[in-house]
Amino acid sequence: METVVSGIRSTGNLHLGNYFGAIKNFLKMQHENNCYFFIADYHSLTTHPNPSDLHDKVKQVLVEYLACGIDPEAATIYIQSDLPEIAELYLLMNMNAYIGELERCTSFKEKIRKHSDNINAGLLTYPVLMAADILIHRAHKVPVGKDQEQHLEMTRQFGNRFNRIYSVDYFPEPVAFNFGTELVKIPGLDGSGKMGKSEGEGNAIFLFDTAVAIRKKVMKAVTDTGPTQLNQTKPEVIENLFKLMNAVSKPDTISYFDEQYNAMTIRYGDLKKQLAEDMVLFTAPFREKILELLSNNDYINKVVRQGAEKAHESGRKTVKEVREIIGLKSF
Ligand code: TRP
């Protein structure tokens with residue numbers, strides 16, 4: 001069975017775009033591979049979050065993934081900082097990561113532009129830490145999007161370099177992985193093609209949103225002035241609303257509004273009301289599950305402990321072998 005590793009940012013709540021993208025991917029993968037999913041809390045330290053915020057966010061993210069159906073019995077789900085082996089491998093990998101290649105990394109250049117007041121070494125070596133996350137389990141596959149391609153390329157680079165320096169065939173080459181065509185891309189509510197939390201207020205519907213918040217956001221969704229010809233092609237902003245309906249509404253509802261659009265009798269207000277209600281119905285069970293899990297500290301504790309234990313087993317083995325390869329042997 002192939003090993004899959006994926007790091008989850010410890011910032012922000014899950015939105016419908018995450019659910020229909022990455023999460024559905026994870027749900028499928030967890031039964032077909034040896035999966036390690038972890039919350040990347042070390043990574044988040046580059047921005048110096050306040051300690052209680054950090055803790056709350058890690059818990060929230062963990063709980064949301066569990067609420068979506070990540071099964072701690074099928075996959076290994078853990079908190080990155082529970083695995084000190086990652087920190088050790090990160091140190092060792094730093095010895096064969098070159099400053100030049102780290103400085104050339106697109107995400108680093110972007111970060112120094114955005115956070116010019118805090119260009120710390122952790123930012124520079126972010127790709128090394130990510131490589132350690134992946135190499136620690138000698139993973140074959142990493143389910144990441146386009147924005148992480150370069151980081152993954154660097155992971156391959158570091159792993160291969162290690163193999164070369166020590167003349168071993170130790171680390172496999174991890175490849176980006178997703179179910180591609182089966183994934184549905186969820187548009188945002190602001191007329192932009194993509195749902196995302198950084199796209200601006202009101203663009204994303206979160207699984208943890210209240211019904212009130214969802215209605216408010218959907219009613220504000222961007223539309224146009226309406227169709228001007230029978231059976232015309234829908235402009236992107238309208239097509240986006242139908243795509244959202246596709247994700248959460250019944251086929252009958254969708255064809256009803258489709259016909260209304262084609263007949264030029266559509267009232268966007270009605271469509272939005274329906275869409276909002278369908279989104280409320282879709283997200284409500286997630287919200288309930290999240291709330292239930294948040295109040296069940298015993299269960300969360302158990303999941304985290306069990307995940308750390310399973311991940312340790314794999315991490316300890318890798319670090320032990322890497323130490324031996326490098327020559328850090330016991331006397
Ligand atoms: N850099 C990833 C992101 O921003 C998160 C991440 C950290 C990750 N370590 C990882 C993803 C290891 C995959 C594998 O989304």
Side-chain angles (χ1 to χ4, degrees), residues 5-12 22 36-62 77-139 142-162 165 171 174 176 196-198 304 307-308 311-312 315-316 318-319 322-323 326 328:
V5 171
S6 191
I8 297 161
R9 287 178 222 190
S10 60
T11 49
Y36 293 92
F37 301 134
F38 67 92
I39 310 209
D41 57 348
Y42 278 149
H43 282 279
S44 71
L45 298 177
T46 51
T47 57
H48 307 166
N50 125 4
S52 71
D53 270 6
L54 174 63
H55 181 78
D56 289 350
K57 282 205 171 133
V58 168
K59 182 176 173 190
Q60 183 74 25
V61 170
L62 173 69
I77 179 152
Y78 62 99
I79 314 291
Q80 183 187 29
S81 64
D82 276 344
L83 226 66
E85 288 87 357
I86 292 176
E88 180 167 355
L89 188 60
Y90 165 62
L91 179 146
L92 299 173
M93 284 295 149
N94 266 319
M95 307 307 170
N96 48 40
Y98 296 110
I99 293 277
E101 63 192 338
L102 296 173
E103 280 173 343
R104 278 195 300 277
C105 178
T106 316
S107 67
F108 177 65
K109 288 197 254 178
E110 218 168 86
K111 280 172 191 159
I112 52 181
R113 229 182 324 110
K114 282 196 196 145
H115 310 283
S116 54
D117 56 333
N118 178 22
I119 309 170
N120 57 62
L123 272 185
L124 182 69
T125 57
Y126 184 108
V128 188
L129 181 53
M130 180 157 160
D133 293 329
I134 296 166
L135 298 174
I136 194 80
H137 303 300
R138 300 171 74 196
V142 185
V144 287
K146 274 241 163 316
D147 66 324
Q148 298 296 313
E149 274 291 348
Q150 193 180 28
H151 287 153
L152 197 54
E153 177 57 34
M154 292 172 89
T155 300
R156 285 191 285 268
Q157 184 72 263
F158 301 146
N160 285 336
R161 194 174 289 154
F162 177 91
I165 292 175
F171 289 118
K197 73 178 168 67
S198 50
V304 167
H312 261 306
R316 246 195 311 265
T318 303
V319 167
V322 165
R323 279 173 154 264
I326 289 180
L328 300 168

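Values in this document were obtained by computation on a predicted structure and should not be read as measured data. This chain uses plain numbering: 1 for the first residue, then up along the sequence.
The side-chain hydrogen bond (donor to acceptor under 3.5 Å, both in side chains) test applied to Ser116 returns no partner, not counting sequence neighbours. Qualifying side-chain hydrogen bond (donor to acceptor under 3.5 Å, both in side chains) partners for Thr46, counting only residues two or more places apart in sequence or in other chains: none. With sequence neighbours excluded, no residue satisfies side-chain hydrogen bond (donor to acceptor under 3.5 Å, both in side chains) with Tyr36.
Rounded to the nearest 0.5 angstrom, Leu45 CG and Asn120 CG are separated by 9.5 Å. Taken from OG in Ser10 to CZ in Phe38, the straight-line distance is 10.5 Å, to the nearest 0.5 Å. The NE2 atom of His151 sits 10.0 Å away from the CD1 atom of Ile134 when rounded to the nearest 0.5 Å. Rounding to the nearest 0.5 angstrom, the gap separating the CD atom in Gln80 from the CE atom in Met130 is 11.0 Å. The CD1 atom of Ile99 sits 5.5 Å away from atom CG of Leu124, with the distance rounded to the nearest 0.5 Å. Of the inter-residue distances, the one linking Phe108 atom CZ with Ile119 atom CD1 reads 6.5 Å to the nearest 0.5 angstrom.
Scanning both residues, Asn96 and Phe158, for their nearest heavy atoms gives O-CD2, 4.1 Å. Between Thr155 and Ala131, the shortest heavy-atom contact is OG1-CA, 3.5 Å. Here the closest heavy-atom approach between residue Thr318 and residue Leu135 is recorded as CG2-O, 3.8 Å. The minimum heavy-atom distance linking His137 with Ala311 is given by the pair CE1-O, 3.7 Å. Considering every non-hydrogen atom in both Ala97 and Leu102, the closest pair reads CB-CD1, 4.2 Å. Ala176 and Arg156 get closest at one heavy-atom pair: N-NH1, 4.4 Å.
Put simply, the side chain of Gln150 reaches to within 4.5 Å of the side chain of Cys105, judged on heavy atoms. At least one side-chain heavy atom of Val319 sits less than 4.5 Å from a side-chain heavy atom of Ile136. Contact of the Pro49 side chain with the Lys57 side chain is not registered, since no non-hydrogen atoms from C-beta on lie closer than 4.5 Å. With a 4.5 Å cut-off on side-chain heavy atoms, Thr11 and Thr47 do not count as touching. Side-chain atoms of Phe171 and Val322, non-hydrogen and from C-beta on, do get closer than 4.5 Å to each other.
Atom NE2 of His55 is surrounded by 12 or fewer heavy atoms from other residues, nucleotides or ligands within 6.0 Å.
Screening residues 110-138 for salt bridge (charged side-chain N to carboxylate O under 4.0 Å, His left out), with sequence neighbours left out, gives Arg138-Glu321. A salt bridge (charged side-chain N to carboxylate O under 4.0 Å, His left out) check over residues 95-108, counting only residues at least two apart or in different chains, returns the pairs Glu101-Arg161.
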I'd like a table of donor-acceptor pairs (distance under 3.5 Å, sequence neighbours excluded) in which one partner is a side-chain atom from residues 81-88, with atom names and distances.
{"residue": "Ser81", "atom": "OG", "partner": "Asp41", "partner atom": "OD1", "Å": "3.4"}
{"residue": "Ser81", "atom": "OG", "partner": "Asp41", "partner atom": "OD2", "Å": "2.6"}
{"residue": "Glu85", "atom": "OE1", "partner": "His312", "partner atom": "ND1", "Å": "3.1"}
{"residue": "Glu85", "atom": "OE2", "partner": "His312", "partner atom": "ND1", "Å": "3.0"}
{"residue": "Glu88", "atom": "OE2", "partner": "Arg323", "partner atom": "NE", "Å": "2.7"}
{"residue": "Glu88", "atom": "OE2", "partner": "Arg323", "partner atom": "NH2", "Å": "3.1"}

